[in-house]
Amino acid sequence: MDIDDAPTQPRNKLPDHLELQRTRVVCKADAPTHTEGFQYSGAFAAMGVDNSVSVEKFCNNFKIKINRLTEDDMEFDMIGVDASIANAFRRILIAEVPTMAIEKVLMVDNTSVIADEVLSHRLGLIPLDADPRLFDYISNDTPNERNTIVYKLHVSCAKGSQRLTVKSGQLDWLPEGSQLTIASPAQPGEKPKTYTSFGQSQQKTSERPLGVKYEDITIARLGPGQAIELEAHAVKGVGKVHAKWSPVATAWYRMLPEVVLLKEITDGDAEQLVKKCPVNVFDIEELGNGKKRAVVAKPRACTLCRECVKVAADKVKVTKAKVDDKDKADGKVDEGKAKVDDVEVEPQIELRRVRDHFIFTIESAGALPPEVLFTEAVKILEEKCERVISELS
């Protein structure tokens, strides 16, 4: 074909293969391809395509669509962002959104089989039903009503009784502060000095009791004659210091799956394909006259197990076995192997991932609702950006 007869590509539009490479990650049977994005703004300048990033483009393309929202978790689509932005939100949710957690445990009595440090660690991991936005970080300040929440636990198992299970619901909130005295009052009528210095009761500043989120978490089991008495102080912190301050059980995302049928799959092959998929991505469409074909019914459910793309390879294995058996019977083993080598696997299905479309899931640990956690993560990212801009200027 003469070069003058070659089809011309219109300006301001990429060829299909380049557009696929720019906007999709193609998942082959062995490994994904096109995993690296085009960060250079002039990558397609010769074709008249602007690949630069601008605030106007971001505002026009960015969308959030909430698919599921409950008290503890939410799933939403984040559309029109780079993977680095989605990953920034994930990392901030896990490590930088603050919560309240038990940090200091004053042990009065512990005759259980659990060591003091193990018991303290278990207490620190109990989610607290306290809004961290109402509290300050504690630094070198004296623990007060603005930066500390105090809990008390005093349980015992009487001799001769059955074993007793200590639950998180038995932690009592002390809105007036610590009840453990450090020293006796110097003058009659003075309040004894305690481990906290509350100026007022936290009941005046909190609209609801600052208890635990879940009251059925097992803390310890006591045998007859054993007891636990302690006081726990909760403070504000972030997950990058310790996992007990992480506000989420998990936060994760995946790119939107895209399942494309490259050729029509009919009759027995269609039924085999539907049976192969463990998450029911495919379905059967009746065409009449006993004909049927496979269709993509639920592409969003694809988990990239690649079972569907292995169907063609399995068919080649069956063909290989039949050829070998026939050649062995005819005494032509070598020729049979040559025939098998000539068999080419024609791809029937292509698995893709949309590069700028993320399915984001947030599972809250209980301190804040998931939608509030994401809002707080956006604020933290905004503060980081403002800090960078101010330092550069």
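Everything numeric in this text was worked out from a predicted model, so none of it was measured.
- Contact annotation: the side chain of Cys277 approaches that of Val279 to within less than 4.5 Å [non-hydrogen atoms, C-beta and beyond].
- Look at Arg300 and Asp77 and you find a salt bridge, because one of the NZ, NE, NH1 or NH2 atoms lies within 4.0 Å of a carboxylate O, short of that distance.
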Chi angles and distances behind the side-chain contact (heavy atoms from CB on, under 4.5 Å) call for Cys308, Leu351: CA-CA 9 Å; Cys308 55; Leu351 301 180; 3.8 Å; yes

Determine whether Ile380 and Ile92 satisfy the following criterion, side-chain contact (heavy atoms from CB on, under 4.5 Å), listing intermediate values before the conclusion. CA-CA 8 Å; Ile380 292 174; Ile92 291 172; 3.9 Å; yes

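- Here Arg24 pairs with Glu258 in a salt bridge; the nearest charged N to carboxylate O distance falls below 4.0 Å.
- Counting heavy-atom neighbours within 6.0 Å of Glu286 CD, excluding the residue itself, gives a total above 12.
- Legend: residues meeting salt bridge (charged side-chain N to carboxylate O under 4.0 Å, His left out) with Lys159, ordered by chain and number and at least two apart, are absent.
- Hydrophobic clustering of Ile, Leu, Val, Met, Phe, Trp and Tyr side chains at less than 4.5 Å, counting indirect connections, keeps Phe58 apart from Val49.
- When only modelled atom types and interatomic distance are considered, Ser201 and Glu145 share no side-chain donor-acceptor pair under 3.5 Å.
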The test is side-chain contact (heavy atoms from CB on, under 4.5 Å); show your working for Leu222 and Thr165 and say whether it passes. CA-CA 6 Å; Leu222 301 180; Thr165 300; over 6 Å; no

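- Think of Leu256 as one node in a network of Ile, Leu, Val, Met, Phe, Trp and Tyr side chains linked at under 4.5 Å; its network also takes in Val354, Ile359.
- With 3.5 Å as the limit, one finds no donor-acceptor pair spanning the side chains of Asp72 and Thr70.
- For the pair Pro247 and Leu368, the minimum side-chain heavy-atom distance is 4.5 Å or more.
- Listed by chain and number, the residues in a salt bridge (charged side-chain N to carboxylate O under 4.0 Å, His left out) with Glu117 amount to none (sequence neighbours excluded).
- Residues Val259 and Met255 do not share a hydrophobic cluster, clusters being chains of Ile/Leu/Val/Met/Phe/Trp/Tyr side chains in contact below 4.5 Å.
- Counting Ile, Leu, Val, Met, Phe, Trp and Tyr side chains that sit under 4.5 Å apart, directly or through other members, Val150 shares a hydrophobic cluster with Leu174, Phe198.
- Other residues, nucleotides and ligands contribute over 12 non-hydrogen atoms within 6.0 Å of the CD atom of Glu371.
- The stretch residues 88-100 participates, sequence neighbours left out, in these salt bridge (Lys or Arg N to Asp or Glu O under 4.0 Å) pairs: Glu96-Lys384.
- Between Lys152 and Glu229 there is no salt bridge, since none of the side-chain N atoms of the basic residue sits less than 4.0 Å from a carboxylate O of the acidic one.
- In this model, no donor atom of one side chain and acceptor atom of the other lie less than 3.5 Å apart for Trp245 and Glu103.
- More than 12 heavy-atom neighbours from other residues, nucleotides or ligands sit within 6.0 angstrom of NE2 on His242.
- Within the structure, salt bridge (Lys or Arg N to Asp or Glu O under 4.0 Å) contacts touching residues 46-59 (residues at least two apart or in different chains) are Asp50-Lys57.
- Shown here is Gln162, whose CD atom has no more than 12 heavy atoms of other residues, nucleotides or ligands within 6.0 Å.
- Residues passing the salt bridge (charged side-chain N to carboxylate O under 4.0 Å, His left out) test with Lys104, sequence neighbours excluded: none.
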CA sep, side-chain torsions, deciding dist, call: Asp356, Thr23, side-chain contact (heavy atoms from CB on, under 4.5 Å): CA-CA 7 Å; Asp356 64 345; Thr23 61; over 6 Å; no

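- Distance check: Ile102 CD1 to Leu153 CG gives 9.0 Å after rounding to the nearest 0.5 Å.
- A donor atom on one side chain and an acceptor atom on the other are not found under 3.5 Å apart for Glu19 and His17.
- Between Glu285 and Arg293, at least one side-chain nitrogen of the basic residue sits less than 4.0 Å from a carboxylate oxygen of the acidic one, meeting the salt-bridge criterion.
- The ring-ring contact (aromatic ring centres under 6.0 Å, His included) pairs that include a residue from residues 276-296 number zero, where partners must be two or more places apart or lie in different chains.
- Sorted by first and then second residue, the ring-ring contact (aromatic ring centres under 6.0 Å, His included) pairs involving residues 347-388 (not counting sequence neighbours) are Phe76-Phe360, Phe76-Phe374, Phe89-Phe374, Tyr253-Phe358, Tyr253-Phe360.
- Other residues sharing the hydrophobic cluster of Val260, ordered by chain and number and joined by side-chain separations under 4.5 Å: Leu262.
- Connection of Val118 to Val105 is established within a shared hydrophobic cluster, with ILVMFWY side chains joined at heavy-atom distances below 4.5 Å, either directly or through further cluster members.
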Taking only distance into account, with no hydrogens and no angle test, what donor-acceptor pairs under 3.5 Å do side-chain atoms of residues 122-139 form with protein atoms, sequence neighbours excluded?
{"from": "Arg122", "atom 1": "NE", "to": "Ile219", "atom 2": "O", "distance (Å)": "2.9"}
{"from": "Arg122", "atom 1": "NH2", "to": "Thr218", "atom 2": "O", "distance (Å)": "2.5"}
{"from": "Asp129", "atom 1": "OD1", "to": "Arg208", "atom 2": "NH1", "distance (Å)": "2.6"}
{"from": "Asp129", "atom 1": "OD2", "to": "Arg208", "atom 2": "NH1", "distance (Å)": "2.9"}
{"from": "Asp131", "atom 1": "OD1", "to": "Arg133", "atom 2": "N", "distance (Å)": "3.0"}
{"from": "Asp131", "atom 1": "OD1", "to": "Arg133", "atom 2": "NE", "distance (Å)": "3.0"}
{"from": "Asp131", "atom 1": "OD2", "to": "Arg133", "atom 2": "NE", "distance (Å)": "3.3"}
{"from": "Asp131", "atom 1": "OD2", "to": "Arg133", "atom 2": "NH2", "distance (Å)": "2.9"}

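- Note that NE2 of His154 and OG of Ser156 are 5.5 Å apart. Values are rounded to the nearest 0.5 Å.
- Under the 4.5 Å side-chain heavy-atom criterion for grouping Ile, Leu, Val, Met, Phe, Trp and Tyr, Leu373 is not connected to Val238 through any hydrophobic cluster.
- Residues Ser84 and Asn87 bring no donor and acceptor atom of their side chains to less than 3.5 Å of each other.
- Here CZ of Arg352 is found 10.0 Å from NE2 of His34. Values are rounded to the nearest 0.5 Å.
- Within the 4.5 Å cutoff, side-chain heavy atoms of Val296 are placed close to those of Val281.
- Listed by chain and residue number, Lys292 satisfy the salt bridge (charged side-chain N to carboxylate O under 4.0 Å, His left out) test with Glu271 (two or more places apart in sequence, or in another chain).
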Does the pair Glu382 and Lys379 meet the rule for a salt bridge (Lys or Arg N to Asp or Glu O under 4.0 Å), with working shown? CA-CA 5 Å; Glu382 184 181 1; Lys379 293 178 182 178; over 6 Å; no

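- Using a 4.5 Å cut-off between side-chain heavy atoms of Ile, Leu, Val, Met, Phe, Trp and Tyr, with links allowed through other members, Met74 and Val378 fall into the same hydrophobic cluster.
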